[in-house]
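The residues of the chain are indexed from 1 along the displayed sequence. Numbering of ligands and ligand atoms starts at 1, following listing order.
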Amino acid sequence: MSDKTVPDPRRLLARPGPRAALVSLAVGILTAGAALTFASSANAATTLGASAAERGGRYFGAAVAASKLSDSVYTTVLNREFNQITPENEMKIDATEPQQNQFNFTNADRIVNHATSRGWKVRGHTLAWHSQQPGWMQNMSGTALRSAMLNHVTRVAGYYAGKIDSWDVVNEAYADGNGGARRDSNLQRTGNDWIEAAFRAARTADPNAKLCYNDYNTDNWTWDKTQAVYRMVQDFKQRGVPIDCVGFQSHFNSGSPYPSNYRTTLSSFAALGVDVQITELDIEGSGTTQANTYRNVVNDCLAVARCSGITTWGVRDCDSWRSGGTPLLFECNGNKKPAYDATLSALNNGVTPTNPPTTPPTGNPTNPPTTPPTTPPTQGPGGCSATVSLNSWTGGFVATVRVTAGSSGTNAWSVGMTLPSGATVTNAWNANRSGNSGAVTFTNVSYNGRIAAGQSTEFGFQGTGSGTGMSPTCSAS
Ligand code: 9MR
């Protein structure tokens, strides 16, 4: 099935709600806090991938079609500019399991090998999706379909274990313009928990891959679909469903334009304790207008510490699923477009990350309050525990600390840890901090001190140096 031949659901859009004032305030705060640092032009990186790598170890990638790997114009651009690949169609369910329990990885392997032999990252796309299901799966329902879906996740993620940086575990599970409802599909009809079941199976099959939820029309913070996905991720984090990242497809055009609150969307999701990735970027248009939008998107990603990479959905305009909209960075002959120059210079100029918001977004009537927790602890303290996970690059790291309440919940908590010699905390979110090197203590902020028994919350901090080897201790009252 080709999306080129069917009406495009991305043009049937929900309208923004009444939350614009709050959102512009949030954007204003973020923008005011941003600082610009400029790489000297003599030392500036000359390719997208190299420049992104210099911005906190980010990647800049492209969706790749196996059939194009024999096109030398295509591979010349691909090999020079990018350091990450997403297979455009070759890892979809119809490609990898064309007959039930008969797996075919030939084309996906060609792409994965192209990437891994060059040290690039691979985003796996996608394990569970209503679309591009093979015929045998389209005809299934109920428990048989649930089992088949989980088997697919297990077998495919297991086959590629160790080779995939991030998996789109579930793709496009929410409906457009329907108040933030789930999309109806045979998978959805197996029960609302199908998404978390897929994530748990993926974690078991490949414990090292980052597990993402991926969708489109989730770029505008005020749209119901965005808010619905936000609530799902928030719920998953609160209940310990394994989710590490959210992919924003970001197919922009006149019907679904780049929203001015895009940075707020990215930073709000990141504040939930997940990485955010721009996964299928294309921007229809040309010339300066298109270039400016690419620049804005790059700057928004760079401003959010947990925005770990950008992938364009194809290499050249003629490779695009929307080639008529000339939405990519290269002409068909491989020449760079103005949008390329804007993208590279934005990467090289490097917006410094602002502090993630220290309070979760509020004021959205469709967004249940994140504070206080729905089940306040009745008594404390029953102790608490803390674990830390690191996202490191040369010279720096982001630490995500998970605080879990013991047997009777917490009213307040304090986490201490000793930073390795040479490491310094530069900023923290969702916690108060005392000290920035050596022994450092983090305490709850107003909205996350109360944790119900057995439940968790997360805070984070960014540092320079190496964060390896920290072992947090937790005390509760
Ligand atoms: O670019 C892909 C195109 O070649 C396929 O025909 C189409 C079929 O579903 O899928 C396109 O990729 C889609 C991606 O898998 C999910 N998000 C939307 C992308 C564009 O339609």
- Query: Could you walk me through whether Tyr230 and Trp221 pass the ring-ring contact (aromatic ring centres under 6.0 Å, His included) check?
  - Reply: CA-CA 9 Å; Tyr230 177 88; Trp221 180 237; 5.1 Å; yes
- Query: Are any of the N or O atoms of Gln249 closer than 3.5 Å to those of ligand 1?
  - Reply: yes
- Task: Quick one: which residue pairs count as a salt bridge (Lys or Arg N to Asp or Glu O under 4.0 Å) with a foot in residues 324-342, not counting sequence neighbours?
- Result: Asp317-Lys337
- Can you sort out which atoms of ligand 1 are near His251, meaning under 4.0 Å from one of its heavy atoms? 18 (C), 19 (C)
- Is it the case that Ser131 and Glu172 place a side-chain donor and acceptor less than 3.5 Å from each other? no
- Message: Working to the nearest 0.5 angstrom, can you tell me the gap between His130 NE2 and Ile93 CD1?
- Response: 10.0 Å
- Item | Heavy-atom nearest option to atom 11 (C) of ligand 1, drawn from Arg322, Lys92, Glu280 | Lys92
- Task: Flag yes if more than 12 heavy atoms outside Lys237 fall under 6.0 Å of its NZ atom; otherwise flag no.
- Result: yes
- Item | Nitrogen or oxygen atoms of Gln132 and ligand 1 under 3.5 Å apart | yes
- Note on the structure: With heavy atoms and a 4.0 Å threshold, my read on which part of Tyr216 contacts ligand 1 is neither
- Query: Looking at Asp165, Asp244, Asp168, which one forms a salt bridge (charged side-chain N to carboxylate O under 4.0 Å, His left out) with Lys210?
  - Reply: Asp165
- Indicate yes or no: does an N/O atom of Glu172 lie under 3.5 Å from an N/O atom of ligand 1? yes
- Examine Asn171 against ligand 1 and note whether any of their N/O atoms are separated by less than 3.5 Å. no
